[in-house]
Amino acid sequence: MTRYGFCGLKVIAGFTAALAFSTLLAFAQTDKPPPSPRKGIVIWDVPAFDALPDDENGRLARYGRSIIEATYAHIGPAAANPAARYAGNNLACANCHLHAGLKKFGLPLVAASADYPAYSSRTGTVSSIFDRVNQCLKRSMNGRPMPRDERPMQAILAYLDVLSTHIPPDATIIGAGAGAMPELDRAADLSRGAAVYARTCADCHRRDGLGVRRNEALPNMGYAIPPLWGPASFNDGAGTARLITLANFVHDNMPNGTSWIAPTLAPEDAWDVAAFVLSQPRPQLAGIERDFPDLLLKPVDAGYPPYADSFSVEQHRFGPFAPIRAEIARLRETRGEVPNPNR
């Protein structure tokens, strides 16, 4: 991907398009951005958490940071308090939202709170940031919703609020989402992706994709290297279960330590290896067929039916996506909306 200098850094060619992604995508969201246009681009200005006052809000926000970094220990399936076991796996939020949500193009959480409430095309309702956190618990963490009055939920929301302290509601941030590299004009190649995985990813995530626990006898200690598939990974309703999101994330962040400024993988390799990962078995979310009341608002790479168009599940999962977009645009002009029959 071509990159250009900007304020002493290098940014993705066509960076204006990348910046137009709302933090809905940054939050691994599969939904359409809110209808109101973004008006400004802001530089990150995140308060120093360790310098927050030693009051209830400061302590709550720091607790929230701990939950993001070590979710498994606080609300995972082996957490000390059985009533607090809201996550269904031993992943951490920071496995996807890198550096606790503070890495550019690493699905940052900076500005997530400022973007809500917002319309969610996945539910057909206006969602709050509380709703969005619970969607992550349900999908990425393969768990269950947490009540608003639970202290871990209050802590997560306090953490996100602090991250958004200096972000206006009508602004977007530099480095939102996972990036936006050019798409392939072919379907992603699973065989080629398997070879890329064996060469580039297997040393860390293991050849079986099941990751590396910190302590096999103590699951509440989480993973040193997270699983990419299998029963302990994110389910098929997660934002990272979509090829466009995962491929861009891989390109700009993997192998671990890679920066979007100097990616290791070629775009073609990132598309193919992400497709290989998503072709592997993972938990299935019950009721997923009810997502997106208007099927014309369903992302082209959502890997599960029903669809407004007649393209195959395989093409929705692995591309190419341009023909699907063209058909969706035609249907939008001729029909306006396509109701989900499962609603």
Side-chain angles (χ1 to χ4, degrees), residues 28 62-103 106-107 109 133-146 150 152-153 155-156 159 178 193-194 196-241 245-246 249-250 253-258 264-265 273-285:
R62 282 187 285 269
Y63 176 35
R65 178 179 61 182
S66 180
I67 295 173
I68 296 297
E69 293 175 334
T71 318
Y72 44 82
H74 298 280
I75 60 172
N81 179 7
R85 295 172 181 172
Y86 290 101
N89 54 38
N90 283 297
L91 296 177
C93 299
N95 289 144
C96 291
H97 304 289
L98 301 181
H99 299 178
L102 289 168
K103 186 179 182 186
L107 298 176
L109 298 175
V133 170
N134 270 330
Q135 284 292 314
C136 273
L137 283 174
K138 180 180 177 181
R139 295 167 186 270
S140 297
M141 310 303 290
N142 197 33
R144 62 190 177 96
M146 190 190 318
E150 287 285 324
M153 175 60 76
I156 293 171
Y159 177 73
V196 175
Y197 183 87
R199 182 174 71 247
T200 308
C201 315
D203 284 349
C204 292
H205 293 280
R206 294 177 37 178
R207 291 191 177 275
D208 61 9
L210 300 183
V212 179
R213 288 188 184 273
R214 288 189 172 87
N215 188 320
E216 289 292 340
L218 298 172
N220 63 336
M221 292 186 68
Y223 286 88
I225 308 294
L228 299 181
W229 62 79
S233 190
F234 54 88
N235 67 40
D236 59 351
T240 42
T245 299
L246 186 60
F249 179 86
V250 167
N253 298 285
M254 293 294 135
N256 189 37
T258 296
T264 299
L265 292 176
V273 74
F276 169 73
V277 168
L278 294 182
S279 72
Q280 304 303 307
R282 65 186 61 261
Q284 295 184 321
L285 178 64

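Nothing here was measured: the structure is a model prediction, and the numbers come from that model.
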Any sub-3.5 Å donor-acceptor pair from [X]'s side-chain atoms to [Y]'s backbone N or O?
| X | Y | result |
| --- | --- | --- |
| Asn89 | Pro231 | no |
| Thr258 | Pro255 | yes |
| His205 | Pro226 | yes |
| Asn134 | Met146 | yes |
| Asn235 | Ala241 | no |

Is there a side-chain contact between Met254 and Cys201 (heavy atoms, below 4.5 Å)?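 No; the side chains remain at least 4.5 Å from each other.
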
*So do the side chains of Tyr86 and Glu150 get within less than 4.5 Å of each other, counting heavy atoms only?*
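Contact flag for Tyr86/Glu150 side chains = yes.
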
Nearest atoms (heavy-atom pairs only) where [X] meets [Y]:
| X | Y | result |
| --- | --- | --- |
| Met221 | Asn215 | SD-CB, 3.9 Å |
| Ala94 | Ala100 | CB-N, 4.0 Å |
| Ile67 | Ala155 | CD1-CB, 4.0 Å |
| Leu265 | Val196 | CD2-CG1, 4.3 Å |
| Pro227 | Ala232 | CG-O, 3.6 Å |
| Ala80 | Arg85 | O-NH2, 4.3 Å |

Kindly check if the number of other-residue, nucleotide or ligand heavy atoms within 6.0 Å of CD (Gln284) is above 12?
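Counting neighbours around CD of Gln284, 12 or fewer heavy atoms of other residues, nucleotides or ligands fall under 6.0 Å, so no.
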
Rounded at 0.5 Å granularity, tell me how far [atom1] in [X] sits from [atom2] in [Y].
| X | Y | atom1 | atom2 | result |
| --- | --- | --- | --- | --- |
| Tyr223 | Leu210 | OH | CG | 7.5 Å |
| Cys136 | Leu91 | SG | CG | 11.5 Å |
| His99 | Glu69 | NE2 | CD | 10.5 Å |
| Asp208 | Gln280 | CG | CD | 10.5 Å |
| Asp236 | Asn142 | CG | CG | 9.0 Å |
| Arg282 | Thr240 | CZ | OG1 | 7.5 Å |

### Task
Report yes or no: do Arg213 and Tyr72 form a side-chain donor-acceptor pair below 3.5 Å?
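Judged by distance alone, the side chains do not pair up.
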
I would like to know whether Leu98 and Asn253 meet side chain to side chain contact (heavy atoms under 4.5 Å, CB included); could you show each step before the answer? CA-CA 9 Å; Leu98 301 181; Asn253 298 285; 3.5 Å; yes

**Prompt:** Only one of Val133, Leu109, Leu137 clears side chain to side chain contact (heavy atoms under 4.5 Å, CB included) with Ile156; which?
**Reply:**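 The side chain to side chain contact (heavy atoms under 4.5 Å, CB included) with Ile156 is passed solely by Val133 among Val133, Leu109, Leu137.
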
Checklist entry - Tyr197 vs Trp229 aromatic rings, parallel, tilted or perpendicular, using cut-offs 30° and 60°? => result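 The rings of Tyr197 and Trp229 sit tilted, inter-plane angle from 30° to 60°.
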
